[in-house]
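See below for the structure under consideration.
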Amino acid sequence: MRYSAIVATAVGAVVFALAYLFVQIHGFREMFLTVSLLCIALTAVGAWDMIQPNHSLKRNYPILANIRFFLEKIRPEIRQYFLESETDGTPFNRAKRSVAYQRAKGQLDKRPFGTQQDIYASNYDRAASAGRP
């Protein structure tokens, strides 16, 4: 199952190349050629993903991991359409999950200069200083 995307693109490249060669309808030939070239490019990306040494996710799920990384990259731009913010979520929110990912990769996991939480919200728990005990 994990190699289904690369197998599908390789099969698609062959099928659409054969359709390009044998179908004589003028408008469809260009479409078959374009889709065949796209499938060949995706198969090449999947083959590179399988031999690259850096990301185990790309090695185990070629092509699909690239889609996942792309969606993570554009997540801040489309976050306004999701119901969940950075601090919501169960069992772990996005902020705690990204720290765990960074620690697992041996990267810097600190977020300096403030917080992303709304500290002025009425339900925010904080320790207030008192003038007297």
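Bear in mind the structure is a predicted one, so any value in this text is a computation, not a measurement.
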Inset, instruction - Scan residues 38-69 for pairs that pass ring pair (Phe, Tyr, Trp, His ring centres under 6.0 Å), counting only residues two or more places apart or in two chains. - result: His55-Phe69

Any link between [X] and [Y] through a network of hydrophobic side chains (Ile, Leu, Val, Met, Phe, Trp, Tyr) touching at under 4.5 Å?
X: Leu38; Y: Met31; answer: no
X: Leu21; Y: Val23; answer: yes
X: Tyr3; Y: Leu42; answer: yes
X: Leu37; Y: Phe32; answer: yes

Spacing of [atom1] belonging to [X] relative to [atom2] belonging to [Y], to within rounding of 0.5 Å:
X: Asn54; Y: Lys105; atom1: CG; atom2: NZ; answer: 10.5 Å
X: Tyr20; Y: Thr34; atom1: OH; atom2: OG1; answer: 9.5 Å
X: Ile51; Y: Arg59; atom1: CD1; atom2: CZ; answer: 11.5 Å
X: Arg29; Y: Phe22; atom1: CZ; atom2: CZ; answer: 10.5 Å

For residues 7-17, which side-chain N or O atoms pair as donor and acceptor with protein atoms under 3.5 Å away, sequence neighbours left out?
residue: Thr9; atom: OG1; partner: Ala5; partner atom: O; Å: 3.2
residue: Thr9; atom: OG1; partner: Ile6; partner atom: O; Å: 2.9
residue: Thr9; atom: OG1; partner: Thr43; partner atom: OG1; Å: 3.1

Legend entry - Those residues that, when tested against Arg2, pass side chain to side chain donor-acceptor pair (under 3.5 Å) (two or more places apart): Asn60

Inset, instruction - Applying side chain to side chain donor-acceptor pair (under 3.5 Å), name anything that partners Arg68, two or more places apart in sequence or on another chain. - result: Glu72

Legend entry - Listed partners of Asn66 passing side chain to side chain contact (heavy atoms under 4.5 Å, CB included), at least two apart: Val45, Asp49, Lys58

Legend entry - Shortest non-hydrogen contact between Pro62 and Gly46, atoms and distance: CB-O, 3.5 Å

